[in-house]
Amino acid sequence: MVEVLSESYQNKFGYEGLTRCYQCGNCTAICPVSDGRFPRRLIAHLRWGRIERFDEVWLCLQCKLCDEFCPRDTNPSLAMQTLKRISVENGSVPPHIGEFLMNVYRRRNPWGHSRMKRGEWMKDLNVPTVKDCEFDWLWFVGCANSFDSRVLGVTEKIARILNELEISYAVLGRDEGCCGNDVKRIGEDGLFELLMEENFKVFKRYGVERIITHSPHCYNTFKNDYNIEVKLFLELLHDFINDGSVELKHEFKKVVTYHDSCFLGRYNNIYELPREILRSVPGLKLVEMRSNRRTSICCGGGAGNIAVGYQGKVQPSILRVKEALDVNADVLAVACPFCKIMLEEASKSVNCNLKVLDVVDIVYHSMYGEGL
Amino acid sequence: MICVIVRAVPDLVEGLEIEERDVRPYRYIANELDEYAVEHAVSLKEKYNERVEVIGIASEDAYDEIDESLYMAIAKGVDKAYKVKIPKTTSYKIADALSDFLKKFDIILTGTLAVDEFYGVLGATIADKLDIPYVGGVRSIEIEGDSVIVKKELGGGAYLVLKVKKPALFGILSLEKPPRYVPISKLRSVMRSAEIEELKVKVEEDVLDVRFLEPPKPEVEFIDGDPEEVAEKLAEIIRGLIS
Amino acid sequence: MRVGVYICHCGFNIAGFLDIDELVRYAESLNDVVIVRDYRFMCSNPGQELIRDDIEKLNLDRVVVAACSPNLHEATFRRVLSESGLNPFFLQIANIREQCSWVHSDKVKATEKAKRIIRSAVERVKHHTALESKRVNVIPRVLVIGGGIAGISASLLIAEAGVEVYLVEREPTIGGNMAKFDKVFPTLDCAACILTPKMTAVKENPNIKLYTNSEVVEVRGSVGNFKVKIRVKPRFIDEDACTGCMECVDSCLYYPTIPSKFDEKIGFRKPIYMPFPQAIPNTPIINPDECLYFITNKCPMYCEDVCEADAINFEQEERIEEVEVGAIVIATGYKLFDPSEISEYGYGRYKNVFTALQVERMLNSTGPTGGRIVVNGREPERVAIVHCVGSRDERYRRYCSRVCCMYSLKLAHLIKERTNAEVYNFYIDMRAFGKGYEEFYRSVLEEVKVVRGKVAEITDIPMNDDERREVERGRVIVVFEDTLLGRVERIPFDMVILSPAIEPSDGTKELARILKVSLDENGFFREIHPKLAPTVVAPGIFVCGCAQGPKDIQDSVAQAESAAGQALSMINRGFVELEPTTAYVDEEKCSGCGMCVPVCPFQAIEVVSVNGHVRARIDESLCMGCGVCAASCPSRAIRHRLFESETIRAEILSLL
Amino acid sequence: MCSGSCPYGESLDFTPRMLVLMSNFGEVRFTDTIWLCSSCYLCTFRCPSRIKITDEVLPKIREIALEREVPEELSRTLMNIMRYGNPFGLPQRERVGWVKELEFEVPFLEDVKRTDVLFIPGCYGSYHSRCREVTKTIARLFRMMDLDFAVLKGERCIGDHCRLLGEFGLFEELAAKNVKLLNRYEFNKIVTPDAHAFNSLKNEYPKFGLSANVLHHSQFFAENIENFEFDKLDYKVTYHDPCFIGRWNGDFQSSRIILERIGVELVEMKRNRENALCCGGGGGGIWLDSLVRSKVKERLSERRVREAYELGVDVIVTSCILDIPMFEDAIKVLNLDVRVMDISEIMMEALR
């Protein structure tokens, strides 16, 4: 479908960076997953006001790497998000993204697990729910940490740490929904609003004012889209390590490299926090990969790709694992459940000894000397 | 005119609550194959500009939950939606009840089967009541004058291409491409503006008792140990089976 | 003789390619060479100091500098010689950069060639004789040719310094092309608001003598002392008497049907007309080729009747005025390339296709449409602006016309503002190089579409029914490839504006011939050096504005004032030093045949009677030292200072 | 510029500009739209940087394409040229079959050894039944002029299409053979009605050692127009500039001189002279009809015929022998009522 728009095309798309673009192609060159057809070329299309069906737009992971390299502040990732939004509005969504969205819509999680089972992870744990106690903080567990067996261990560890630190918190259990961060990145604004309204309703019902979360995806959307007070679990951890409430007694004698999550790093400028935590673990040697901090590459799990895996030819997770191997790291530390899922799979598929661990895993080990 | 019959069925993902004389689903959703039928009807509308109507049938419990699927059908392009409340009953009674309403349509689509009706007779029964042809297991439909050309799946990748005179009823089994995605904002605006007409039809209740027959648990034995031990045990078991 | 040889490394320009040590060793072996030195930059102060010291301490009497072209630093090293008490002409430059290190690929052979060049310079310099430079007084008046913004700026600056200026303009009014504009980029100032005060200032300045409707027909003499003939064509209206009331124009019974040159042929005028209301001089003009009085002699001559100032004078005749000036400033400006040469663009064939200047006139409130953009009787809804029409094109003009990108953007902005049409700019490369230009480009980007891709064709042949309808609506179809998308597109437009190349004004060649200066490969006046003397064309002749090459108003004014400064500096000094390398006549040998007289391009030779014998005589103040006469003389009576036969012979023999 | 100029530009997967870029980068990608180019030279003619797209860039990429994937109809034709020396796969002795159909004898250069004018009809002029009529007409006109002319029995395909198709090996072989044959005999000039043969003989064969004065028949007749007395023809005609005569060899005038002399009413199509639209037959296009049909909405020949027809002319006059089958086919497809004539045929008609 071709639409030629004559007037105020930029307003229509709600993307102002458009006219600033001078088509240098930096974004395309830097993009780890681009096949050369985006973002530059698609911005040219947008500029023209000609919108057609672009299947390649779904290769974009919304990792914002291109934004970092744009000399004109064009925010190509926003252009990609805009194009995705237009595609969604026209109903042209590739099957794997459609499935992701339908799962979130029907079951409030990307995998299509039963909503009833959201609280199952805490069956044997002593985790307070909002229904049965007073609390200061709501721990928003997040979809991955609630369902995915690969990161459930992290969830359990967080629960134990929270309990032992005697923090006044509670979880929503079965009432927890999906934060909608990736739904928004896909451009499904209607669904995002639905989720946001629903979440706010739940927050109001239980008097939630402040949120702790471990997932950078939840953190990002709560902070920037919901505008609600939110704290990253790692921030909490960092504070406790600093004031001595958390004692890191056990040595972790490994070479560790840290992979920046896009939603912590480029989206929210949190680069040093996880690194400081890692540095305070005794025995740990922190090394940096070739691309780190601002230039870090994505794990491939963003923008709706977490449920079925990234569909492109280039698997960024594998690139990332190779980078970690290049610096002879034993452990690839992550701070995001999505990254953990993607990178762990990549590490298995390249058949190497690289262990992918959450920062929480490492801290937990250092605190209790177990759990690895 | 095309009509699609959409049934509300238990959402198996959410699970069931099994009681003494009843099976209670936590939640209902539209039968997946019926949604495929909607998809087919909408593409026919796009291709041949046919009017498409949809009728949702749901039990007392599912009567509200069927709405969402009907609205989604409207968002996809269906012209009108009806719904009918039915008690616990068999396909034969449903067919009886609906045949009057369905007379005016020349193409009727529905899922070949449903998760609560694996024997797949609803379509066939209705066709029988209306005295029109029925083809099940359909993958694709094209209209050619007053006939319809359908591809029926035979399994193993084989197809049967049939030419059927209208009116006819087709049981849909699959899609050629995945169902289209409906943006939620569109769905929500449809929910605000469109209306679902409630069809008052008298359906006799004739199912009195639903029981859950628990299948016997198969005996599973995990063999532990190092490979040699495991092999030893395994060999023993196989020997036992053979002799 | 004591010759010193100085070999310059010129950074890596020479030393990076030639074997300097080898050259030094070789030069030391030459006869009469007493010292050979090499240095990184001989032209720098320490380099010059080396030569000075040696002349003093080693008593050198000849110097050879092996370096770059003599065009660059011959003057520098001559000064070094004369400061050290040596005659400056005891110098020879061996050009081992332009003629050697820059142009060869074989290092060994190039070094060998450099040796020869140095040897020949050494042999030649020994034959040099002492020459004295002559001083010539400078006439404190300046001729400015061309009354556009460059000519006006130069004239005003010179006149304000109290120096008399003759400003010669070919058209009936000054103002040039800038007077046609509506607004100027990037500030979007009103062009008239900038220009008209300056035009009036020209008129009012007592030091400026304005000749409009006039041409320079002959220039004799040389720097400091030019004799110029100006042809003043009749205007048939007395400029001094005329009040500019325009009654005569109104009364003329001829309908305005003649395409106006000033309005780029989209507006029409009568045979008696004023190009535009703010014209300077504010006097109409009668074109005798169109006026009924001149053609048929049967005209009621209402114009004469209505003129209360009695300014109309049908008897006016062409006259030649002679003036003497010390310096000349060329400011002849540009004209647009004729896009009808590019047949695929259909200029002249389609009513929808315009040149940028035509659109400037349309946009101008004093223009033929009163500032409205009209195509086929209505406002366009979609407008294409095509950059680089004829520029950067091997088939037409190879150079970049430099201003088109910006004025095209300006037109895009103005059209968007006036008509709210959809505007597309088709460019190859967007060149927004000046101060504030990039910002302007960015702001225009917000409102127009820019497409990278040269328009291939403008056509009215439809490909399908949609296009047929568009063509029937009076649109033309523009075919192009969007090279950023790699897709060929066809889009119908109401209006297509071509931004043609800038090329030298008509008559540039003729003027170059009159002034005896050279043009570059593109037909613009050639400056002596693009960096060292960007405004100097020849001694005493300066160039500014688009006569030197395409440029925008800012640069034209800056260059005009630079040229004015050059002229003023010369006049302020009061004299110029003439190269003594002129030709002279050996009266013993001269037979007075007169062969040399017609070949001299500077009219410096005449045949006179000396003691009853007919002899050629060379006016050395006019001689530019070209040597044509010496070559033409059958009895070898004309010789040339510094280029005596023996000198050249020595030079050539040592090369072999 | 090039891509926008290309008459098939919108149908190309890789536009001429991209081909130039590819050959600069040395990385070649293509699809079968590479065969659409009918070597009309518009891109090359308009190129602001004077890049020889038609003559160099495209054939080089096609040469690579030939090694990978060739449309079936093309490979068959090239095979025929290689085996039989003509694209039709007809025997060599049939090449001069048309001579027997004439009412007078035409000498063979192989027999007479020397002649004034060597007449080379080219493959289409020799084998194609409609084009043969043109060949015979030209021979008759020569006869009327009492011209000393002869034809060759042993000539092979001149091969201009092979060159433009990137089949350089075949072209070189053909050229070498033909030059060897030609250099054996004496003649003053070569006249050919095939614009493609004309181009190759004039511009490419000198590289293989031919030094001959080559004329197109329109040029030859224009030069000798005084030898004919015409009756005024009451036709309204338009003239189609063949790409190889007009754009590429700069001769827009010869045929128009003849037409003016005949006295027909000549109206010009909108795209004329250097902007003329190609008939679509060049660069192998005449052999690739089904490929072209599958790739484009309307073939060039159809576009061109329609353009001419809209002028309301009786006859489309052309001077390239390939145009006749191309246009006549298009006229049949479009079901129009207009004739196509070679310049020689209209001369002959005016003589009667």
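Lettering follows sequence order; numbering is per chain, from 1.
- Heavy-atom contacts from other residues, nucleotides or ligands closer than 6.0 Å to CD of B:E195 number 12 or fewer.
- Interatomic distance, A:N90 CG to B:R180 CZ, rounded to the nearest 0.5 Å: 12.0 Å.
- A side-chain N or O of A:Y105 and one of B:E68 form a donor-acceptor pair less than 3.5 Å apart.
- Remark: B:Y181 OH to A:S92 OG distance equals 12.0 Å, nearest 0.5 Å.
- Atom NZ of A:K117 has 12 or fewer neighbouring heavy atoms from other residues, nucleotides or ligands inside a 6.0 Å radius.
- Expressed to the nearest 0.5 Å, how far CZ of B:R27 lies from CZ of A:R107 amounts to 5.5 Å.
- Ion pair A:R106/B:E32 not flagged as a salt bridge, since none of the NZ, NE, NH1 or NH2 atoms sits closer than 4.0 Å to an Asp/Glu carboxylate oxygen.
- Atom CZ of B:R51 sits in a crowded spot, with more than 12 heavy atoms from other residues, nucleotides or ligands closer than 6.0 Å.
- Neither the backbone nor the side chain of B:L12 comes within less than 4.5 Å of any heavy atom of chain A.
- By the neighbour-count criterion of 12 heavy atoms within 6.0 Å, atom CG of A:N353 is sparsely surrounded, having that number or fewer from other residues, nucleotides or ligands.
- At most 12 heavy atoms of other shown residues, nucleotides or ligands fall within 6.0 angstrom of atom CD in B:E228.
- Contact of A:V93 with chain B is made through the side chain alone, with heavy-atom distances under 4.5 Å.
- The shortest distance between side-chain heavy atoms of A:E89 and B:K186 does not fall below 4.5 Å.
- If you tally non-hydrogen atom pairs under 4.5 Å between each of A:L194, A:D189, A:I97 and chain B, the highest count goes to A:L194.
- With contacts defined as side-chain heavy-atom distances shorter than 4.5 Å, the pair B:S185/A:E193 does not qualify.
- Minimum interatomic distance between B:P183 and A:V88 (heavy atoms only, all atoms of both residues): CG-O, 3.0 Å.
- When heavy atoms are compared at a cutoff of 4.5 Å, B:P178 approaches chain A solely by way of its side chain, counted from C-beta outward.
- A:R115 and B:D11 are not joined by a salt bridge, as no carboxylate oxygen comes within less than 4.0 angstrom of a charged side-chain nitrogen.
- The environment of B:E60 atom CD is sparse: at most 12 non-hydrogen atoms of other residues, nucleotides or ligands sit within 6.0 angstrom.
- Within 6.0 Å of the NZ atom in B:K166, the count of heavy atoms belonging to other residues, nucleotides or ligands exceeds 12.
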